Amino acid sequence: MPCRGWRGTLLSMFNPVDSKPDLISLEHQMLARWRAEGTFERLRAQTAGGEPWSFLDGPITANNPMGVHHAWGRTYKDLFQRFRASLGHELRWQQGFDCQGLWVEVNVEKELGLTSKRQIEERGLAEFIRLCKQRVLTYAARQTEQSIRLGMWMDWNDPADLLRLRDALSDAPERELAITGAGGEVRGTPEGLIGQLGSPEVGVSYFTFSDENNDLIWSFLAECNRRGWLYKGSDSMPWCTRCGTGISQHEMTEGYADRDDPSAYFGFPLVDRPGEELLAWTTTPWTIPANVAAAVSPTLSYELVEFEGRKMWIGATRRVAALGGGAPRAKVLETKQGSELVGWRYRATFDAAPAVAAALGPDGAAHRVISWSDVGAEEGTSIVHIAPACGSEDHALCITEGLPMIAPIDEGGTYLEGFNELSGKDWLVVADLIFVALEQSGSLLRREKITHRYPHCWRCATPLAFRLVDEWFISMGATYEKPRAQLSAAEKAGSLRYQIMDVVDNISWLPSFGHDRELDWLRNMSDWMISKKRYWGLALPIYECEGCGAVEVLGSRAELEGRAVAGLDALAGHSPHRPYIDEVRIACAKCGGEVQRVPDVGNPWLDAGIVSLSTMRYRSDPEYWKRWFPADLITESFPGQFRNWFYSLLAMSTVMVGSEPTKTVFGYGLVFAEDGRQMHKSWGNSIEFDEAADRMGADVMRWLFAGSRPEENVHFGWNGADEARRKLLVLWNVYAFHIGYANSAGWRPGGVASPVADRGAMDRWILSRTADLVSTVEGALRNYDAQSAVARLEAAIDELSTWYLRRSRDRFDLSTAEADRNDAFATLHEALLTLLQVAAPIAPMLTDAIYTNLVADGATGSIHLQPWPKARVQGWRDQALEDSMSRVIRAAELGRSVRSAAAIRTRQPLALARVVFGGETPHAELLEILADELNVKRVESVTDASGLFERKVKVLLPKVGKRLGDKLQAVLAAARSGDVELLAGGAVRIVGLEFAPDEIEIQAIPREGGFVAEGGGLVVELETALTPELIAEGDVRELSRAVQDLRKRAGLQIGDPISLYLPESARSLAPYTEQLTQSVGARSIEFGATAGDVADQIELSFGDTAFSFRRSAG
RNA sequence: GGGGGGGUAGCUCAGUUGGUUAGAGCUCCGAGCUUAUAUCUCGGCGGUCCCUGGUUCGAUUCCAGGCCCCCCUACCA
């Protein structure tokens, strides 16, 4: 046995490595080390001045702790950035937080226990807005810490600074304080500093509530107004009564849920046809008091039916459905076309209510039947109850028909005055009262329960009502039927929609269907509703004069300050948010009257959409801007983003600069739980980010995410993490092996080794594979294909461990000649280092931990400061060798398969393997590797193995099937039974039909009972005859293995010497004593003795054999 | 309601320009290898290729109809 490590005590060693690493604590060590050594700052310094690679981070909503779903995107963001930095690019490293909007308000409301807008206003807007800001800072700090834990390298704010700003906002709002800015310490008031977060001076992460962000949005809105695209619209909109705001089309994502509602069949008595009524149906009974019209289809036919003493008009196809079980008793009295009903006047149950009478005249005089082509024959009664304030189509219809409107509820969903007993009641609970009223007036025919998809508020899940509201919109322009290419310049100039589409074409969308989805959204979207009747958000710079109606949109705070005639004092020292900005008045440019800002705040996607301009210093630094715009990449989870961030980014960039904000959009799916369902705490399948980081580790999480298919949803959980960890553990064990043996042999990096070209085939092979790894992964990552990169890396880890190292293990032992051993160490070291560098962007902590020990030069820092290893692998590629080796590997698989089928264990040596390599015979060195792997004395390459096979003629069906038709089965049967006549020139005749050589294939099928396997163009046959020598060698190996196993169980270390005792019956193994002592680390072997203190027995060729050993001294 | 994708082993998914015997990974079982490895190797179990009809010598694949799931989209009463 080699003396272990005796030289290691003289030389500096690698730190010893445990084969079972604690990945979590390793990660914490690396994070601490990066922080202590300023590794990230060194990388930035190193890449400064490089060719820019511009990444634009989509802002994460700073409203809650990060979830594991964020970790997927952040893994991509970080790995592509790290990869680009290793290529030498300069990066901006700016990360962003989304800060404004209803989602923050909702959480603050919850914390305060508030449930309505009135309560917020009573409490005071100033405090509410401050709490919103503070919540954002709280979670920005938290998410910063979590992102750092994930190993994400960005130019982070010190979380402690963010929390100090947060606290100062309420504790000492007037006092100046200092935080660490981009270029050192920056001083200012808390509100002032907060407003400048992300700016060049204060740095570093951007916050969408920043002054610059808000100000640039103002200039965007002013530009839209200048082009005539900004307008105030009046419409009936989905409305959340809890939030007190309209819900825009952008926000309807996931806004639908099943809901049980009462539906009503109810009658409208006709004025001019006494005793007859119209039968209508609705699923929203709360809108019945607001009825103004009944719509019929002009082309459908309607019947007057007599039923239970009533005479009712019903759509002809709806009679049975409307009347339910009693329908057969109904008698049809009369039939009319829908168009004949138009104009009929009718009465309704709530006509006497003051609000209804005020709108419709006494007795609801204005009620009439109108014609509407969209009325269908499949639902209800084909007579549609129309309430213009309660649906956008109803609203449009009533404008065309010149009908009055009744708006029954206020912004909180409460019935207004003038609806008798309904007034003051919530819209969600009035249904019962309405049914009572319908019942009493004799109108109600039937009520049912139905389950239907109904819109809900995406934030608070309250069912949405419809309300008539004034909101502000950006016009998307007309849509045309003709293809886009045929639009005139004027048509395009007037339509933002088509301008954005042209920009979409300039972007590379990954996956490619993103392009079509974005265009589809643009084609179909209606105008962009940008206002919200809320508090925390962009203050819309819209000034509408109450006196003359003139509308002005201001383009900056400076402009506002120039125009202000009152209220500037209130705004001074504050960010442009409510309530302070509301105090400022300007003079109307048209009539001179004093004008107040509209109270609305902006749609939050304005905030995120401006960042390609605001964070890239569009206004403040044109040189910088040109260097970084457009971005090379944005990447976000695509559900929802086509209508949200992607859309707003595109729209705002198109309006402001007329070009694409990014060259590539890389989208990915959603994170689901391992059971394939969405993660829900209440379902017990949810995993928190912190929990995942602490239990599976960030690198494992990153590996799992990076290896997932981006276009599919990823199923995230502990099992998947285990799989990823197993791959990384194999890598770790290659490393542990390397360190263990290098310490033992006293090997150090940079020692003597042969030039690569002079090394053995195994060494040249793994280095060639490594060169391929580098170029394959580089190509994949340049294409944003992390999945392929991970797959290639996993294959590389497998090759390195299970082929290179397993086959080369002996060469690292001290018994191997030093020159060869050094080559082996050098090769393993180079291959491993290169692999680590390629894997570093994906698993940055684990790879750096290994790297720093492996270079045994920890002082020089980090794997992340190394350039992409393209240059190092120059000249390593040897395609011919790789081809040969892959056939050798395949032959080894076939050989193992033969052994398995023949039930000959691998430890039993065999004399010969005959191999048909199906190509050039591999080099003798490779044949030796194969012989060793298969435990055969010799490998013989043969070209003709006809003795092993039967010839079978295979008819190529795709070629001859059509021609043969129904004779096919007979031909196949004959071919199967071998009833085939071989003709000259390779043709054959079967059942009298001739087949050309290219219509058949002559197959070699191994003969039954032969020890043969074939596949992939290779054939392997093993010679299974055993000689006494072979049997004895097999026994020796079997015995060695058993002794080794017992050594391990007895707790002996490698190198602990033993004295081995064998029974007299094993005397036949005496010629192999030397080999045996070598392999089991024995000082001596005695036959016919049982003096050991540890014993076991095994079955050898000559029978059960008991053996024992004792640890011997020294 | 409209548009798109899908239904293949217990699970996650490939694949089939129509062709004789439909694959991989994970799980399970058996065997093998191994003092770097929780690794690895060989094999086995496991299938109505959603259902029905049509075209065809032949359909999991093409066509029609139906059922179910997912995504996008939609204020249909």
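For clarity, every value in this text was computed on a predicted model and none was experimentally measured. Every chain is numbered from 1, with letters handed out A, B, ... down the list of sequences.
Within 4.0 Å of A:Arg899, counting heavy atoms only, lies no atom of the nucleic acid at all. At a threshold of 4.0 angstrom between heavy atoms, the contacts of A:Ile386 with the nucleic acid are absent. No engagement by A:Arg1049 is indicated, since no non-hydrogen atom pair under 4.0 Å with the nucleic acid exists. The residue A:Ser801 sits close to a base: some heavy atom pair falls under 4.0 Å. Among the heavy atoms of the strands lying under 4.0 Å from A:Arg809 is at least one base atom, whether or not backbone atoms are also near.
Look at A:Glu893 and A:Arg890 and you find a salt bridge, because one of the NZ, NE, NH1 or NH2 atoms lies within 4.0 Å of a carboxylate O, short of that distance. Salt bridge A:Arg517/A:Asp520: absent, no basic N to carboxylate O contact under 4.0 Å. Between A:Lys727 and A:Asp798 there is no salt bridge, since none of the side-chain N atoms of the basic residue sits less than 4.0 Å from a carboxylate O of the acidic one.
Under 3.5 Å, the side chains of A:Thr462 and A:His456 contain no donor-acceptor pair of N or O atoms. In summary, the side chains of A:Thr284 and A:Thr287 do present a donor paired with an acceptor at a separation below 3.5 Å, with no hydrogens or angles considered. Donor-acceptor pairing under 3.5 Å is recorded for the side chains of A:Trp703 and A:Glu794.
Between A:Phe716 and A:Phe705, the ring planes lie parallel to each other; the angle is under 30°, not in the 30° to 60° tilted range.
When both pairing distances are held under 3.5 Å, B:G1 makes a Watson-Crick or G-U pair with B:U73. Of all nucleotides present, none satisfies the Watson-Crick or G-U wobble test against B:U35 with each distance under 3.5 Å. A 3.5 Å limit on both hydrogen-bonding distances identifies B:G54 as the Watson-Crick or G-U partner of B:C62.
With hydrogens and angles ignored, a donor-acceptor pair closer than 3.5 Å exists between the side chain of A:Arg1041 and the base of B:U34. Taking only distance into account, the side chain of A:Thr284 never meets the base of B:A77 through a donor-acceptor pair shorter than 3.5 Å. Judged by atom type and distance alone, A:Arg1047 reaches the base of B:U35 through a side-chain donor-acceptor pair under 3.5 Å.
Contact annotation: A:Arg806 side-chain N/O to B:A36 OP1/OP2 distance is not under 4.0 Å. Residue A:Arg905 has no polar side-chain atom (N or O) positioned under 4.0 Å from OP1 or OP2 of B:A31. At the phosphate of B:U73, OP1 or OP2 sits under 4.0 Å from a side-chain N or O atom of A:Arg643. Listed pair A:Tyr735 / B:A36 fails the phosphate criterion, with no side-chain N or O lying under 4.0 Å from OP1 or OP2. A sub-4.0 Å separation between OP1 or OP2 of B:G43 and a side-chain N or O of A:Ser897 is present.
Nearer to the 5' terminus of RNA chain B, by closest-nucleotide assignment, is the contact made by A:Leu1052 (compared with the other of A:Leu1052 and A:Asp374).
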For every nucleotide of nucleotides 3-11 of chain B, 5' to 3': is a protein heavy atom under 4.0 Å from its base (B), only from its sugar-phosphate (S), or from neither (-)? ---------
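Considering only the side chain of A:Lys1048, B:U35 comes nearest among B:U35, B:A36, B:U39. Across B:A36, B:C72, B:A77, the shortest atom-to-atom separation from the side chain of A:Asp520 is found for B:C72. Taking every side-chain heavy atom of A:Leu729 into account, B:A38 is the closest of B:A74, B:A38, B:A77.
Every residue two or more places apart in sequence or in another chain that forms a side-chain contact (heavy atoms from CB on, under 4.5 Å) with A:Pro262 is listed here: A:Pro285, A:Ala431, A:Phe435, A:Arg447.
Rounded to whole Å, the separation between the P atoms of B:U8 and B:C69 comes to 14 Å.
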